[in-house]
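Scroll down for the structure; my scribbles are underneath it.
Proteins get letters first, then strands, A, B, ... in listed order; numbering begins at 1 in each. Keep in mind that this is a model prediction, so the values were computed, not measured.
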Protein chains: 2
Amino acid sequence: MVAALVGDPARANMLTALMTGRALTASELAQEAGITPQTASSHLSKLEAGGLIEPEKQGRHRYYRLTGPDVAGVLEGLAGLAARAGHMRVRTGPKDPALRRARICYDHLAGDLGVQMLDSMKRQKLIRQTKQTIELTGEGRRFMADTLQIDANMLAHPRRPVCKACLDWSERRHHLAGTLGAAMMARFTELKWAARDATPGSRVVNFSRTGEKRFAALFGPGE
Amino acid sequence: MVAALVGDPARANMLTALMTGRALTASELAQEAGITPQTASSHLSKLEAGGLIEPEKQGRHRYYRLTGPDVAGVLEGLAGLAARAGHMRVRTGPKDPALRRARICYDHLAGDLGVQMLDSMKRQKLIRQTKQTIELTGEGRRFMADTLQIDANMLAHPRRPVCKACLDWSERRHHLAGTLGAAMMARFTELKWAARDATPGSRVVNFSRTGEKRFAALFGPGE
DNA sequence: CCAATGCTTCGGTTATCATCGAAGCATGAA
DNA sequence: TTCATGCTTCGATGATAACCGAAGCATTGG
């Protein structure tokens, strides 16, 4: 049954990550779902057998993408039903619930705090999000230079956007990705506001007491 | 997660039964899914909590229906994905696999043999199925009279159609219901071709050796 | 009132399956 | 070749949840 495939939280997270349309490697999907590569491999096999995703070998990577827009449509429909029932409930994946609070998504901040930060930045008009694109405003550039010592001009990258909205699997809302998101996370680390968890491979991000306060001062939740 | 609700075979069978748009009682749904009322009750609670179905009390019955066409739409979409992947696979419910072969659906034959019978009758042009309706042909009336001693004129009923296609949960295809379906099943029993299983409450139908042969002669699978 | 029916709740059992450690295979790099 | 990376397979463990028997409410009918 196809529904059972989507029913598992880990697999649902993977599928959600693929909803962007981009193809992701098996390891990236494992990371996104918060599970080990072994477990992910098992899930990916099942999803492939169920015809929901298709692989593409490229070197020693295996890229997976959704098999078609109809799959995305059904997933969207399921999410719609969940929303309609007031069921936008957060089902954390298998692992650590601290992942929900703050975690690394590749190289930028995700989780509750990541979503909160993007919301706050939009509210403060530091960034402007149009239909498809998202970009720094003039005020945003000043803010980055003054408060975080980030030179927006240095963020340009040939293959990567400065700002990008990334769908958060635990919150099902967007957080900030792109070179800016990465730079901000790097700055937080430099300032010792936050640090990645010591346990190797963990995606958890721990905020220090002062770090949490400073962060809240800049990007606190809506008043 | 909504998908997990649909993922369970028993619940999927219930939802499939509700796809007709009609409301069914808890017991009927339990019967349709091949599980006991206790188990069904648990499933129905979850489906209700998930916002997929809604109850309506009426006397000592509880009727359940889908909460809306959007639910049906998503279910349809899921079925579509399953079909697309060549995955129209039969996942039998929890209970006895003999139920898949032949069972009672209210008062008529369901399961593998039920589906096979309806197919065969269509192939022999004994019945004609148009878009919405399904009815006996002239040849079909003769066939019923000659081989099964069923007078089609006696089948009329104020509140029930003579022929009706009923969605089979184990085969996900239609079998024949209505007064004709009931009359045929009754005849099979009279002729001792088949008998309901002795264990009380069982829906299993056991065919005798000769009964199976006669049945196959009349309604065998496509050549 | 009592009995019967329809459904639910409770408890305990069983099975399925997600999960991870360890080892195995590939591919690409040195 | 040897090493490293990315992914898969195998095996064992553990947790979730489906399942049913038994008992408990509620409604209807007598």
Please tell me if the side chains of A/Met144 and A/Leu180 come closer than 4.5 Å, counting only heavy atoms from C-beta onward. yes

Rounded to whole Å, how long is the line connecting atom CG of A/Asp8 with atom P of C/dT16? 17 Å

Least distance between heavy atoms, B/Ala40 atom then B/Ala26 atom: CB-O, 4.5 Å

One thing to verify: whether A/Glu48 and A/Arg62 come together as a salt bridge, which I'm taking to mean a side-chain N less than 4.0 angstrom from a carboxylate O. yes

Scan A/Tyr63 against the nucleic acid and name what it touches under 4.0 Å (heavy atoms): base, sugar-phosphate only, or nothing. nothing

Expressed as a whole number of angstroms, how long is the span from B/Leu44:CG to D/dA18:C1'? 14 Å

Please tell me which of A/His61 and A/Ser45 maps to the more 5' nucleotide of DNA chain D, matching each residue to the nucleotide holding its nearest heavy atom. A/His61

Do A/His61 and A/Glu56 come within less than 4.5 Å of each other through their side chains, counting heavy atoms only? no

Check the distance between C/dT8's C1' and B/Leu29's CG and give it to me in whole angstrom. 15 Å

If the cut-off is 4.0 Å, is A/Arg62 near the phosphate of C/dA26, judged by side-chain N/O to OP1 or OP2? no

Rounded to whole Å, the NZ-P distance (A/Lys46 to C/dT19) equals 9 Å

Is the A/Phe207 ring parallel, tilted or perpendicular to the A/Phe215 ring (thresholds 30°, 60°)? perpendicular

Under-4.0 Å side-chain N/O to phosphate OP1/OP2 contact, B/Thr36 with D/dC20: yes

Winner on side-chain proximity to A/Thr39, out of C/dT19, C/dT8, D/dA18, is C/dT19

What is the distance from CE of A/Met1 to P of C/dC17, rounded to the nearest Å? 14 Å

Round to the nearest Å and state the distance from B/His43 atom NE2 to D/dC20 atom C1'. 11 Å

Atom CZ of B/Phe219 and atom CG of B/Asp119: how far apart are they, to the nearest 0.5 Å? 12.0 Å

For A/Ala3, enumerate each residue passing the side-chain contact (heavy atoms from CB on, under 4.5 Å) test, keeping only those at least two apart in sequence or located in another chain. A/Met1, B/Val6, B/Leu78

Its contact letters, B for base, S for sugar-phosphate only and - for none at protein heavy atoms under 4.0 Å, make nucleotides 25-30 of chain D read --BBS-

How is B/Ser42 classified with respect to the nucleic acid when contacts are heavy atoms under 4.0 Å: base, sugar-phosphate, or nothing? nothing

Which of the following nucleotides, C/dC20, D/dA18, C/dA18, is nearest to the side chain of A/Ile35? C/dC20

Between C/dG24 (P) and A/Gln38 (CD): distance, integer Å: 15 Å

